[in-house]
A.B. asks: 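So that we are looking at the same thing, I have put the structure below in structure tokens.
Source: prediction; values computed, not measured.
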Amino acid sequence: MRFLLDPEQREFAASLHSMLTAADTPSVVRDWSRGDHDSGRALWGRVAEAGVFALAVPEAYEGLGPRPAELAVAFVELGRHAVPGPLVETVTAATLLAALDDTGPAKRLLPALASGESVATVTTGPYALDADVADVRLAISGAGERGLVAQFPAPLKGLRPPSGRRGSAPGEGTGRGGGGEKDPAGTPHPSLDPARRLFPTPHGGELLATDPPLAPALLIARLTTAAQALGVGLALLDKTVSYVGQRTQFGAPIGSFQAVKHQLADVKVALEFARPLVFGAALTMTREDVAAAKVTACEAAYRAARTALQLHGAVGYTAEYDLSLWLTKARALRTAWGSPDECRATVLSGGRRW
């Protein structure tokens, strides 16, 4: 089966590619890695104006979605250009909020997420991605009955919890979360990708729901991570092909050597095999198909990163060289929202055999 984008989807991808190419994303990534979010938030606004975040928000909450196929198209381009920020986490948060039985949080929070006015992060573990820039932090807490806890560290328009909110979580009224005071995220934890800034999961906040429906959000998280990784891998392949055509050894471009051609061909095959799995999963949205897409795309991107590093030689190791921005992202995405082993186990749990 062939999965081809329709003309509107191809035009959408081309418009994002043109916009992000003009945005000089490597400098934005470097600023973001240092904790300077001005250029990143400006780029975030342009991505939102293109309708990317609205694709995860239902029309009832001023969005355009949910439209998983278009989200996959968008995230391939976001990965291709190494756009920083909690992109996956924001669309995951939108999916999670839209699935709650209580529509109150969705009405309050989703319009701002769709428009790009608000940035969200979601965590199920000890660290939250880019919590220092997120003005909506969602955490899945609890050892038995799970709870969805939200924090609003900075007072943004329309994001303050109403006085008659549903409940509270430990830490309420201590100046964290719903208390309305500025809440610094703390010191970032070292990350494989410096642009993926990890902060300790904050305590306290507003309890939005108990036992929230996590399955739809996990599907979107894995699908968009897979699409992002596919874009990262495609960018690494393009950059490496360009490099080996310029670098010479023994009086000839190294790209003319058969061993180099074979390595690049293997990367190309892996990425092209991953592409239909990603778009096919966006159509079916089954847990097995999404997990297969995630592990295949992330492994292909990781292979592209290892090949790019080898063929670039010593220059590929330097942090000052832009290639490093994609190398580190490929490694970080490989385990984000499900390790390869977890995704393979999910694929096999469905009883499907290829």
A.B. asks: Step through the shown structure and confirm whether more than 12 heavy atoms of other residues, nucleotides or ligands are within 6.0 Å of CD on Gln249.
C.D. replies: yes
A.B. asks: List the atom of Gly338, the atom of Cys343, and the distance in Å for their closest heavy-atom pair.
C.D. replies: O-SG, 3.9 Å
A.B. asks: Before accepting this row, confirm whether a basic side-chain N of the pair Asp322/Arg30 lies closer than 4.0 Å to the acidic partner's carboxylate O.
C.D. replies: yes
A.B. asks: In the structure I gave you, are the side-chain heavy atoms of Leu97 and Leu138 within less than 4.5 Å of one another anywhere?
C.D. replies: yes
A.B. asks: Between Arg275 and Glu272, is there a side-chain N and carboxylate O pair less than 4.0 Å apart?
C.D. replies: yes
A.B. asks: Looking just at side-chain N and O atoms, do Glu89 and Trp337 make a donor-acceptor pair shorter than 3.5 Å?
C.D. replies: yes
A.B. asks: So, Ser39 and Asp31: side-chain donor and acceptor under 3.5 Å apart, yes or no?
C.D. replies: yes
A.B. asks: Taking Asp132 first and then Arg197, would you say they form a salt bridge - that is, a charged N and a carboxylate O separated by under 4.0 Å?
C.D. replies: yes
A.B. asks: Any pair with a residue in residues 232-247 that passes side chain to side chain donor-acceptor pair (under 3.5 Å), sequence neighbours left out, goes on the list, sorted by first then second residue, please.
C.D. replies: Ser242-Gln246
A.B. asks: On a heavy-atom basis, which atom in Leu100 and which in Ala209 lie closest, and how many Å separate them?
C.D. replies: CD2-CB, 3.8 Å
A.B. asks: May I ask you to check if Arg306 and Tyr302 form a cation-pi contact, with NZ or CZ under 6.0 angstrom from the six-membered ring centre and within 45° of the axis?
C.D. replies: yes
A.B. asks: Got a donor-acceptor contact below 3.5 angstrom from the Gln310 side chain to the Thr307 backbone?
C.D. replies: no
A.B. asks: Sort and list the pairs that fulfil side chain to side chain donor-acceptor pair (under 3.5 Å) and have at least one residue in residues 323-334, not counting sequence neighbours.
C.D. replies: Asp193-Thr328, Asp193-Lys329, Glu299-Arg334
A.B. asks: With no hydrogens and no angle check, do the side chains of Gln151 and Glu206 hold a donor and an acceptor under 3.5 Å apart?
C.D. replies: no
